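Down below is the structure, laid out as structure tokens.
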Amino acid sequence: IATPAAIDALLPLLADGSETLRIAALDALREANAVIDPALLRPLLASQICRRAAAAVLGQTRSPDAATMLVDLLTDAMAGVRAAAAVALC
């Protein structure tokens with residue numbers, strides 16, 4: 001559906017205590033091609049579980065702040081995170 005109201009409804013889930021719910025929200029935002037403030041995604045980069053999904057959403061923002069975060073993720077210990085960051089930079 002990807003309406004602005006739907007995207008707004010997903011944003012609070014990024015701070016939910018459940019990593020599973022945070023990943024679901026990130027996946028939904030990615031599917032909706034949502035462009036959100038990179039500052040909302042920065043805390044999720046600390047989570048090994050959420051980092052890959054957050055990188056995918058960061059790429060949609062096309063902002064210099066997001067690009068800096070994505071470049072930093074290119075050296076992440078997890079290959080999946082590095083791959084998501086590389087794709088998101090393109």
Side-chain angles (χ1 to χ4, degrees):
I1 297 174
T3 64
I7 291 168
D8 287 344
L10 290 168
L11 295 179
L13 300 180
L14 297 178
D16 193 87
S18 166
E19 288 184 324
T20 301
L21 192 53
R22 290 194 306 262
I23 290 172
L26 287 164
D27 288 345
L29 290 166
R30 180 184 45 80
E31 287 293 321
N33 293 314
V35 176
I36 63 172
D37 183 349
L40 293 174
L41 299 170
R42 186 179 303 277
L44 298 171
L45 299 179
S47 165
Q48 285 185 329
I49 306 294
C50 296
R51 223 175 5 250
R52 188 177 128 203
V57 177
L58 271 173
Q60 296 174 173
T61 69
R62 303 285 185 217
S63 81
D65 289 341
T68 300
M69 288 186 255
L70 289 167
V71 168
D72 290 344
L73 291 175
L74 292 174
T75 60
D76 194 89
M78 299 176 67
V81 174
R82 293 192 308 271
V87 170
L89 281 166
C90 295

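Heads up: numbering here begins at 1 and tracks the sequence. Being a predicted model, the structure only gives us computed values, none of them experimental.
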Atom of [X], atom of [Y] and distance for their closest heavy-atom approach:
X: L26; Y: A54; value: CD1-N, 3.8 Å
X: A85; Y: L73; value: CB-CB, 3.7 Å
X: I49; Y: E19; value: CG1-OE1, 2.9 Å
X: L13; Y: A9; value: CG-O, 4.2 Å
X: A55; Y: A88; value: O-CB, 3.4 Å

Is [X] reaching over with its side chain to a backbone N or O of [Y], donor-acceptor style, under 3.5 angstrom?
X: R22; Y: C50; value: no
X: Q60; Y: V35; value: no
X: R82; Y: T75; value: no

Handout entry: Worked verdict on L11 versus L29 for side chain to side chain contact (heavy atoms under 4.5 Å, CB included)
Key = CA-CA 9 Å; L11 295 179; L29 290 166; 4.2 Å; yes
Handout entry: Cluster check V87, L44: I/L/V/M/F/W/Y, side chain < 4.5 angstrom
Key = no
What's the spacing between [X] [atom1] and [Y] [atom2] if we round to 0.5 Å?
X: I1; Y: I7; atom1: CD1; atom2: CD1; value: 11.5 Å
X: R52; Y: I23; atom1: CZ; atom2: CD1; value: 9.0 Å
X: L58; Y: L89; atom1: CG; atom2: CG; value: 9.5 Å
X: I36; Y: T61; atom1: CD1; atom2: OG1; value: 8.5 Å
X: D65; Y: T68; atom1: CG; atom2: OG1; value: 6.5 Å
X: D76; Y: R51; atom1: CG; atom2: CZ; value: 4.0 Å

